[in-house]
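Remarks on the structure that follows.
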Amino acid sequence: MKAKEFYTLFDQFIFAPRFKSSDIREWFKENTKGKGVYVVFSKKFEPLYIGSSIDLKRRLPAHRHKGQRKLEGHFDDVVFIGIKYVEGDTLTVEKEYIRKLSPELNKYRYGGLKVNEG
């Protein structure tokens, strides 16, 4: 993927090494929009996980809570989070990003297509 194409996938970025909740909360003090898709990136600039929420401010730090740890074991590898704000259905955009970016930790299926099968 070319840098220009990558850049257009996101509206904003959160610099959050090790997925520290304090970095995420601090970022949201100035960025109040809340509905959209997020992509968590590793130190190698590879997508680890893609999710969506109607309240990103609450959802992103929740990944650190017990029972919500889809990123468990990968926190130390996280560098930044890409944010794409969505006006309509976030799930449709999330599916599109999962198919396009093939993140390591998204294991569920959409439309019979397993994420890492192409």
Side-chain angles (χ1 to χ4, degrees):
M1 178 179 305
K2 294 179 182 178
K4 184 177 179 180
E5 182 182 2
F6 174 83
Y7 183 74
T8 61
L9 289 175
F10 303 99
D11 296 315
Q12 292 185 301
F13 296 91
I14 303 171
F15 180 65
R18 297 182 157 186
F19 204 82
K20 288 173 38 182
S21 294
S22 59
D23 291 334
I24 296 167
R25 281 193 301 273
E26 186 66 30
W27 187 85
F28 275 108
K29 285 181 181 177
E30 294 183 22
N31 300 279
T32 58
K33 286 187 180 179
K35 182 178 176 182
V37 172
Y38 58 95
V39 181
V40 179
F41 286 91
S42 72
K43 293 174 185 174
K44 296 177 183 178
F45 293 91
E46 295 174 345
L48 287 172
Y49 180 75
I50 297 174
S52 64
S53 177
I54 59 169
D55 188 352
L56 292 169
K57 185 176 183 174
R58 293 184 74 190
R59 178 66 185 122
L60 285 167
H63 280 289
R64 282 274 190 188
H65 297 233
K66 193 171 187 167
Q68 296 290 319
R69 294 193 167 192
K70 293 179 177 121
L71 293 167
E72 191 167 24
H74 299 274
F75 292 127
D76 287 342
D77 197 33
V78 174
V79 173
F80 68 97
I81 304 162
I83 303 289
K84 178 66 173 179
Y85 295 111
V86 177
E87 292 293 324
D89 178 33
T90 59
L91 189 57
T92 301
V93 179
E94 179 185 1
K95 289 177 191 179
E96 175 187 327
Y97 275 54
I98 289 171
R99 286 190 174 118
K100 185 172 197 143
L101 299 174
S102 298
E104 178 183 335
L105 301 177
N106 290 86
K107 303 293 184 196
Y108 46 91
R109 297 169 182 260
Y110 282 124
L113 175 71
K114 191 172 178 182
V115 172
N116 294 324
E117 287 179 356

Point to revise | Criterion side chain to side chain contact (heavy atoms under 4.5 Å, CB included) on Thr92 and Glu96, from CA distance to verdict | key: CA-CA 6 Å; Thr92 301; Glu96 175 187 327; 5.7 Å; no
Exercise for review: Check Leu56, Leu60, Asp23 against Ile14 for a side-chain contact (heavy atoms from CB on, under 4.5 Å) and give me the one that passes.
Suggested key: Leu60
What are the two closest heavy atoms between [X] and [Y], and how far apart are they?
| X | Y | value |
| --- | --- | --- |
| Thr90 | Gly36 | CG2-N, 3.9 Å |
| Ile81 | Ala16 | CD1-CB, 4.3 Å |
| Val37 | Ile50 | CG1-CG2, 3.9 Å |
| Arg18 | Arg64 | O-NH2, 2.5 Å |
| Gln12 | Tyr85 | OE1-OH, 2.7 Å |
| Tyr97 | Val39 | CD2-CG2, 3.9 Å |

Look up atom [atom1] in [X] and atom [atom2] in [Y], then write down how far apart they are to the nearest 0.5 Å.
| X | Y | atom1 | atom2 | value |
| --- | --- | --- | --- | --- |
| Ile54 | Arg59 | CD1 | CZ | 12.0 Å |
| Leu71 | Glu104 | CG | CD | 10.0 Å |
| Tyr38 | Glu94 | OH | CD | 7.5 Å |
| Lys43 | Leu48 | NZ | CG | 11.0 Å |
| Ile98 | Ser52 | CD1 | OG | 8.0 Å |

Practice item. Check each of Phe13, Phe15, Phe19 against Phe80 using the ring pair (Phe, Tyr, Trp, His ring centres under 6.0 Å) test, and report the only one that passes. Key: Phe13
Check your understanding: Taking the six-membered ring where the residue is Trp, are the ring centres of Tyr49 and His63 under 6.0 Å apart?
Key ->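 Yes, close enough.
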Review point. Just wondering, more than 12 heavy atoms not from Lys35 lying within 6.0 Å of its NZ?
Key: yes
Practice item. Evaluate the side chain to side chain contact (heavy atoms under 4.5 Å, CB included) criterion for residues Leu9 and Lys100: first the C-alpha distance (whole Å), next the side-chain angles of each, then the deciding distance (0.1 Å), finally the verdict. Key: CA-CA 10 Å; Leu9 289 175; Lys100 185 172 197 143; 4.2 Å; yes
